[in-house]
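Step one of this worksheet: look at the structure below.
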Amino acid sequence: MALTAVIRVPSRALLRPWARLRDAALGWIEPAGGGGVEVSAQRFASQKVLVEPDPAAGVAVMKFKNPPVNSLSLELLTELVISLEKLENDKTVRGVVLTSDCPGIFSAGLDLTEMCGRNPAHYAEYWKAVQEMWLRLYLSNLVLVAAINGASPAGGCLIALTCDYRVMADNPKYCIGLNETLLGIVAPFWFKDNLVNTIGHRASERALQLGLLFPPTEALQVGMVDKVVPKDQVQSTALSVLAQWMAIPDHARQLTKNMMRKPTADRLLKQRDADIQNFVSFISRDSIQKSLQMYLEKLKQKKG
Ligand SMILES: CC/C=C\C/C=C\CCCC/C=C/C(=O)SCCNC(=O)CCNC(=O)[C@H](O)C(C)(C)COP(=O)(O)OP(=O)(O)OC[C@H]1O[C@@H](n2cnc3c(N)ncnc32)[C@H](O)[C@@H]1OP(=O)(O)O
């Protein structure tokens, strides 16, 4: 990946301690003596989230890279939020395409190994990171376009739903949807709210109860995605759409986005701790742990 953009990063000495952890996570290195430091965009490419900025166009492409299936591990979620925050603070960037670096998979959703056989403190930490990812994406001031170049179940679908526009590859093997009930678990209310805001109440009720995974043409019909194109045109189409959205003055578009989305985000913001407690007690139940373990086993056996 050849990247030339230069990003100005303040001296670590001036940053809060968490920012030092962030720098370490992103692999930024400050030279000895350290006033502000210029880092090339290549350094911006962290391990699990690759960011390719195009300052001339005012956009960036963010690619998830957590093989084999881009499951949303704690590490990936943390990097995603950090990378997004950095882009939000970068005055040269107004829009971002979210896509995958893993062939055939946009994201397999939440990492089941983060929700299985761990302790309550881990579940709480993990769920807080999932909430944070959703809130940051859903309320982002940037124009976000999802270039869905592969399967996108559950949490993968949620990421796409936070975007302002969704372009999906036309391969009928790629499916998208909130399939939680198939795993014996329940989509949280804010997943549901995001879906209802996108496809409406009746279609959501059916999709959520049945855990429907829609192939691209059906996803288009129900309004879960906005455009279906051949696989090799997904990213270029997403970039064209981004350019159209960016033709609107930022302040007017951002205020409108906020007006449309804030009430939904506020529902979670008002009860974040209770939502974490609900998740921890739900996921810790023996019956739920058994369901998840059986589901993971089934995924593994599929190969053999
Ligand atoms: C009252 C209620 C209160 C609160 C709510 C409480 C809790 C519920 C909230 C939980 C919300 C959950 C959201 C989620 O996102 S759950 C995850 C759902 N994801 C899925 O169902 C997708 C599962 N995966 C697949 O279907 C396929 O893997 C996929 C993506 C189509 C790709 O298929 P393929 O290319 O054939 O790859 P494999 O299936 O062979 O998988 C390769 C490898 O990856 C492992 N894996 C797959 N998915 C996950 C995952 N999500 N997490 C972790 N690991 C995953 C798979 O087991 C294989 O592993 P191996 O070791 O065999 O290589």
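Order of appearance sets the numbers: ligands from 1, and atoms from 1 within every ligand.
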Can [X] and [Y] be counted as an ion pair, charged N to O under 4.0 angstrom?
X: Lys86; Y: Glu79; value: no
X: Arg261; Y: Asp164; value: yes
X: Glu297; Y: Lys300; value: no

Go through ligand 1 atom by atom and flag the ones less than 4.0 Å from a non-hydrogen atom of [X].
X: Lys302; result: 33 (O), 34 (P), 36 (O), 38 (P), 39 (O)
X: Phe279; result: 6 (C), 7 (C)
X: Asn179; result: 20 (C), 21 (O)
X: Pro153; result: 22 (C)
X: Gly155; result: 14 (C), 15 (O)
X: Ile185; result: 10 (C), 12 (C)
X: Trp127; result: 9 (C)

With heavy atoms under 4.0 Å as the rule, classify the contact between [X] and ligand 1 as side chain, backbone, both or neither.
X: Val69; value: side chain
X: Tyr174; value: neither
X: Leu72; value: neither

Exercise. Does Trp190 have a non-hydrogen atom less than 4.0 Å from ligand 1?
Worked result: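 Heavy atoms of Trp190 never come under 4.0 Å of ligand 1.
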
Taking both backbone and side-chain atoms of [X], is any N or O found less than 3.5 Å from an N or O belonging to ligand 1?
X: Glu180; result: no
X: Asn278; result: no
X: Ile105; result: no
X: Lys300; result: yes
X: Thr113; result: no
X: Phe191; result: no

Problem set entry | Nearest candidate to atom 19 (N) of ligand 1, where distance is taken over non-hydrogen atoms, out of Gly109, Ala108, Gly104 |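 Nearest option to atom 19 (N) of ligand 1, by heavy atoms: Ala108.
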
For this session: Name the option, out of Leu183, Val186, Ile288, Leu299, that contains the heavy atom nearest to atom 5 (C) of ligand 1.
Result: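 The residue whose heavy atom sits nearest atom 5 (C) of ligand 1 is Val186.
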
Problem set entry | ILVMFWY clustering at 4.5 Å (side-chain atoms), partners of Val69 |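 Noted: Val69 shares its cluster with Ile105.
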
Problem set entry | Separation between CD of Gln271 and CH2 of Trp190, rounded to the nearest 0.5 Å |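 The distance works out to 11.5 Å.
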
For this session: Evaluate the side-chain proximity of Ile288 to Ile185: yes if any heavy-atom separation is below 4.5 Å, no if none is.
Result: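 The answer is yes, as the side chains (C-beta and beyond) meet within the 4.5 Å cut-off.
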
May I ask whether [X] and [Y] are part of the same hydrophobic cluster, defined by side-chain heavy atoms of I, L, V, M, F, W, Y residues being less than 4.5 angstrom apart, directly or through others?
X: Leu213; Y: Ile176; value: no
X: Leu84; Y: Trp245; value: no
X: Val234; Y: Val143; value: yes

Problem set entry | Between Asn70 and Ser100: side-chain donor-acceptor atoms closer than 3.5 Å |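 Side chains of Asn70 and Ser100: pair found under 3.5 Å.
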
For this session: Let me know which of Phe282, Trp127, Trp134 forms a side-chain contact (heavy atoms from CB on, under 4.5 Å) with Pro188.
Result: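 Looking at Phe282, Trp127, Trp134, the match for Pro188 under the side-chain contact (heavy atoms from CB on, under 4.5 Å) is Trp127.
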
Exercise. Taking the inter-plane angle between the rings of Phe64 and Phe106 on a 0 to 90° scale, is it parallel (under 30°), tilted (30 to 60°) or perpendicular (over 60°)?
Worked result: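 The rings of Phe64 and Phe106 stand perpendicular, inter-plane angle above 60°.
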
